[in-house]
Amino acid sequence: MTCPLCASDAPLSSFPVPGGPEGASVDICAICAAQIDGTPDETHWRGLASAMWSEDAAVQVVSVRMLKRLGTGWAQDLLDQVYLDEDTQAWVDNVAAASQHKDANGATLEQGDTVVLIKDLPVKGAGFTAKRGTAVRGISLVADNPEHIEGRVEGQRIVILTQFVKKK
């Protein structure tokens, strides 16, 4: 198969593309994967001129993110040319910043993590107690308060203090 980013004929492996649909990924070569996570070689990424027009939104997202990261004159020229629909542009811009949310043990919490309650918590206004050991899947981080997360417990969406959870 051909890598959609650099057009090399090499074995491809799945590479996750965060910030968009759950489980979104692209099949890319090992060189592209290593450079996305490490130091990019400008000459390797010349194939982005065609990759940014791919019909696969995940390929478009990775292409535009790499062009922004390269920041060279030719990369900026390509960024000026690219057109993305509203949803794809939102995905490109949805790069996770370093989270300030920490669990009771100091582990960093990220959007979508699963946490476990370490204490029985009375839920005000809902008339029940969330029991210790309850798993809360797919948490949301409260942007303006790093001590709060949101999650669904017994069908109710509640705010939980990070000091009462541990990352699973």
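Side-chain atoms of Asp85 and Gln89 form no donor-acceptor pair, as typed in the model, at a separation below 3.5 Å.
Taking hydrophobic clusters as Ile, Leu, Val, Met, Phe, Trp and Tyr residues chained together by side-chain heavy-atom distances below 4.5 Å, Leu70 shares a cluster with Val59.
To the nearest 0.5 angstrom, Leu141 atom CG is 7.0 Å from Glu110 atom CD. The CD1 atom of Ile160 sits 12.5 Å away from atom CG of Asp103, with the distance rounded to the nearest 0.5 Å. Expressed to the nearest 0.5 Å, how far CG of Leu67 lies from CG of Asp77 amounts to 10.5 Å. Once rounded to the nearest 0.5 Å, the distance linking CE of Met66 with CD of Glu42 reads 10.5 Å. The OG1 atom of Thr162 sits 7.0 Å away from the NE2 atom of His101 when rounded to the nearest 0.5 Å. The structure places CD of Gln76 at 5.0 Å from CG of Asp80, a figure rounded to the nearest 0.5 Å.
Within the structure, the salt bridge (charged side-chain N to carboxylate O under 4.0 Å, His left out) test picks out the following pairs touching residues 154-168 (sequence neighbours left out): Asp113-Lys167, Glu150-Arg157.
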Scan the side chains in residues 123-132 for donor-acceptor partners under 3.5 Å anywhere in the protein, sequence neighbours excluded, and list what turns up.
none

Can you give the donor-acceptor pairs under 3.5 Å from side chains of residues 46-57 to other protein atoms, not counting sequence neighbours?
residue, atom, partner, partner atom, Å
Ser50, OG, Gly47, O, 3.2
Trp53, NE1, Ala49, O, 3.4
Ser54, OG, Asp56, N, 3.0
Asp56, OD1, Ala58, N, 3.1

Under 3.5 Å, which donor-acceptor pairs do the side chains of residues 8-21 form with other protein atoms, sequence neighbours left out?
residue, atom, partner, partner atom, Å
Asp9, OD1, Thr2, OG1, 3.0
Ser14, OG, Ser25, OG, 3.1

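Judged as a side chain to side chain donor-acceptor pair (under 3.5 Å), and not counting sequence neighbours, Asp120 has no contacts. Residues passing the side chain to side chain donor-acceptor pair (under 3.5 Å) test with Asn145, sequence neighbours excluded: His148.
In this structure, Thr108 and Lys102 have side chains that are in contact, with non-hydrogen atoms separated by less than 4.5 Å. Between Val116 and Val165, the closest side-chain pair of non-hydrogen atoms is not below 4.5 Å. Contact check for Cys32 versus His44: side-chain heavy atoms found under the 4.5 Å cut-off. Contact annotation: the side chain of Trp91 never approaches that of Gln60 to less than 4.5 Å [non-hydrogen atoms, C-beta and beyond]. Considering only heavy atoms from C-beta on, Leu5 comes within 4.5 Å of Ser63 through its side chain. Residues Val159 and Ile149 are not in side-chain contact: their nearest non-hydrogen atoms beyond the backbone lie 4.5 Å or more apart. Counting heavy atoms from C-beta on, the side chains of Pro40 and Trp45 come closer than 4.5 Å. For the pair Val82/Val64, a side-chain contact is recorded, criterion being any heavy-atom separation below 4.5 Å from C-beta on.
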Evaluate the criterion side chain to side chain contact (heavy atoms under 4.5 Å, CB included) for residue pair Phe164 and Leu117; output intermediate values, then yes/no. CA-CA 6 Å; Phe164 299 127; Leu117 301 179; 5.6 Å; no
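Between the side chain of Arg152 and the main chain of Gly138, no donor-acceptor pair closer than 3.5 Å is present.
Heavy atoms of other residues, nucleotides or ligands lying less than 6.0 angstrom from CD of Gln163 number more than 12.
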